[in-house]
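In what follows, a single structure is set out as structure tokens and then discussed.
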Amino acid sequence: MTSPSPSHISSLWKGKSKAADDDYNDLNPIITYRHLLSSNMRVKDPLRVVALCDSDAFYAACEQVRLGIDPSRPLVVLQWESLIAVNYPARKFGISRMAKLKDAKQLCPELVVVHVATYKEGEKEPGYWDNVDTRTHKVSLDYYRRESMKIIDVFKEGLPTGEIEKASIDEAFIDFTNPVREILLARFPYLAHVPADAPNGIDTQLPPPPPISWEKLSVVVPIFPGTEGSEDQPESSTKGHDLDNGAQEESDEAPTWHDVALSIAAELMEKIRDAVRTKLGYTTSAGIARNKFLAKLVASYRKPNTQSILRNAAIPNYLRPMAFQKIRFLGGKLGEAIANEYDVSTVGDLLTITLGEMQRKFGENAYWVYELLRGIDRSEVKEKGSQNKSMLASKNLPQPIINATDGHHWIRVLAAELALRLNDARKTSPTLWPKAVVLHARKGYQTARSKQAAFPFTRNLTVDVIASAGDRLWKELVGESKIIKVTSIQLAFTGLETAESGQQSIETFFKTPDRRQQLSPNNHGEPTLKRVREEDLDDALPQMVALEGEESTSCTDASTSFICQRCGKRLHLADSANIDINGDGRVEALQTLRMEHNDFHFAQDLSKTSDEPQEDSAKKKKKRKEPEGIAKFFNRK
DNA sequence: GGGCATGAT
DNA sequence: GGATCATGCCC
């Protein structure tokens, strides 16, 4: 349809390397009615518009909002001794992420310093404590994860039709192509039908676009940047100069319909960013361009609180002087290999290298890199399920673990965190289930080793189940060695999926006794599921521990307890549980309790291979006031 | 499927 | 550098 056949490079790059812009020869494709009127061209759409939006100094902003601090005050977020986030006011004092806290305070006496939330011994939930200590505490990033979700939700509200891909905790890609197309057609109705006298029918080129008033709040990358230094200078004298120079030069470059599309996307992006700002208090920066790669790149053109637009016509001069190792995926070993191979540093330097040569040197990656250098990126913005595929809790140990048996302590801490987080995630996805648990450990300098094991489906997700699995993996890892030097441990769930997506798992789930009638009828209808979710899954962890106790003296009535055939223990509903509001709730809760207890045995069976004494929680239930939740897994000393 | 390496924020 | 995530390669 378009002049070059996009899937074949030979026609795109006809071996010429002389004239500079031959390297960028697809930047002004002919756009026809067919292009405009098709909504399924995906990455080949010449009107494609993608944005990358990220939060400015996200962790710092989270803390600033949480504490109700004036956003203009300099603030840093601390993780142990290092700064992990520095807000923009603080950066004005010359504080960078690599700075030491001492120096930062020196540079800015009124600096607000916030340490990330941590798990602390004796406390059930992560919190913000004084005098955190890496020997006894464990960092929790949960608050940021939650805030991140809120932002994504605002994105979705503002963009019911567009695709949104969460790229990290503070970034998301947005495909504006289709929403923009709709607006384009509404705003320029004459484009909606092919004129009768169109020479090539639907394949006729669109009429010239109107002049564009670029959104006032957007920065547009100039086609001919100032001759001085690089354009990524933070707020230098670019204002007046670029306007004179740029405006004049750019008027030479006629706007295209793609430029119109970019400007509409900018309007939408601005609205969404404004919603995030007013509803949640976070400022964001965004990049808007023809694909993900370029959107990501321009997003950092001006920060903070700014969105930048990269017109196709501006791509060559923007890309050529760029240090290619700043490009996504070229920041690591591959980029370094390329740099060493050719002893060059900018994108422009690499444009003279032929595809064939790159392929000989770098194999499969070559084609992809070759295109990236030319501003081409065929990767799609793909909506990811709102929940992650893995869940990891990790700890670097300030003082290495020497005795193999000392590993249990941290494993239990990590297991408790995972239990908390997964049970929490199940409030919104009741059937969320990890396929495996993985334990990573690094001994001394060696690279980390890992072991994994299948994880049983358990609705009753207890710390014991996770920790015993972890303990078993720990043994496999450290073996019989007495003297070890473990400097870091990570415990993770992988293959996290909600049961309604897979078939094997859905079967497993519904085979759980007595669950069928309650869950199966409602694929989309919510009420039943909602009740199940709130009553059964909420706090499944602490409840289970409490319920297993023998000393439960409250009621021994058959309506609030039962005796397990398997272990002979009597199981009681917890007094504290908010389920005894009416008879119905109690019956159901008892049912649930029975099931959960079965699940418990099931899981115990599966993890029996361990020669570890299976610590039945009932055994150590002598203590009257056990701390709840994660608290009891910290050693009291 | 398990273990590992790489890359990103 | 620490804590998380994802993906792709190899057996």
Side-chain angles (χ1 to χ4, degrees), chain A residues 52-62 77-86 96-101 115-119 126 132 134-135 137-146 148-149 165-173 285 292-293 296-297 299-300 303 325-337 363-365 368-369 379 382 384-398 410 413-414 417-418 421 425 434-442 446-455 473 476-477 487-496 504:
Chain A
L52 181 282
C53 183
D54 70 285
S55 274
D56 301 321
F58 183 53
Y59 291 180
C62 285
V77 177
L78 213 56
Q79 181 175 18
W80 312 132
E81 296 306 304
S82 38
L83 308 186
I84 55 171
V86 180
S96 80
R97 213 122 123 272
M98 280 305 134
K100 310 291 277 182
L101 179 57
H115 193 281
V116 292
T118 54
Y119 293 100
V132 292
T134 179
R135 292 169 303 178
H137 295 54
K138 149 120 192 38
V139 163
S140 166
L141 301 179
D142 237 31
Y143 183 74
Y144 309 136
R145 290 190 197 99
R146 292 177 206 283
S148 175
M149 292 292 306
E165 175 184 336
K166 189 169 189 280
S168 78
I169 198 163
D170 75 331
E171 292 180 325
F173 287 102
S285 298
K292 290 172 73 174
F293 154 61
K296 166 77 178 169
L297 213 49
S300 52
K303 287 186 159 189
Q325 283 174 326
K326 293 206 311 191
I327 293 177
R328 205 159 68 125
F329 302 130
L330 296 186
K333 303 207 169 175
L334 178 57
E336 210 192 323
E364 198 39 48
N365 291 319
W368 177 72
V369 171
S379 63
K382 51 181 186 302
K384 310 241 180 112
S386 64
Q387 46 89 41
N388 292 325
K389 299 184 185 102
S390 67
M391 185 182 283
L392 170 74
S394 69
K395 176 70 185 170
N396 276 43
L397 301 159
W410 281 113
V413 171
L414 300 179
E417 180 183 345
L418 288 182
R421 284 167 58 187
K435 292 203 167 31
V437 227
V438 187
L439 179 74
H440 280 254
R442 178 162 32 90
Q446 308 180 157
T447 54
R449 285 289 163 104
S450 75
K451 284 292 173 188
Q452 60 180 300
F455 195 75
L473 296 171
E476 292 183 36
L477 270 183
T487 53
S488 120
I489 354 182
Q490 320 176 238
L491 194 60
F493 285 141
T494 63
L496 235 32
Q504 199 264 339

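Below, all heavy atoms of this structure are taken into account, side chains as well, without hydrogens, waters or symmetry copies. Numbers restart at 1 for each chain; the letters A, B, ... are given by sequence-line order, proteins then strands. The structure displayed is predicted, hence computed values, not measured ones.
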For atom CG of A:Leu101 and atom P of C:dG1, their distance in whole Å: 18 Å
Salt bridge (charged side-chain N to carboxylate O under 4.0 Å, His left out) against A:Arg328, all qualifying residues, sequence neighbours excluded: none
Nucleic acid footprint by protein, nucleotides 2-11 of chain C - heavy-atom cut-off 4.0 Å, B for base, S for sugar-phosphate alone: BSBSSS----
Touch class at under 4.0 angstrom, heavy-atom based, for A:Asp54 against every strand present: nothing
Sugar-phosphate, base or nothing in reach of A:Lys296, heavy atoms under 4.0 Å: sugar-phosphate
Which residues share a side chain to side chain donor-acceptor pair (under 3.5 Å) with A:Ser148, sequence neighbours left out: A:Lys166
DNA chain B: 5'-most and 3'-most nucleotides touching chain A, 4.0 angstrom heavy-atom criterion: B:dG2 to B:dT9
Residues in side chain to side chain donor-acceptor pair (under 3.5 Å) contact with A:Asp56, at least two apart in sequence or another chain: A:Thr283, A:Ser285
Which residues share a side chain to side chain donor-acceptor pair (under 3.5 Å) with A:Lys451, sequence neighbours left out: none
Those residues that, when tested against A:Arg421, pass salt bridge (charged side-chain N to carboxylate O under 4.0 Å, His left out) (two or more places apart): A:Asp142, A:Glu417
With sequence neighbours excluded, residues passing salt bridge (charged side-chain N to carboxylate O under 4.0 Å, His left out) with A:Asp170: none
Parallel, tilted or perpendicular: rings of A:Tyr59 and A:Tyr144 (30°, 60°): parallel
A:Lys384: salt bridge (charged side-chain N to carboxylate O under 4.0 Å, His left out) partners, not counting sequence neighbours: A:Glu165
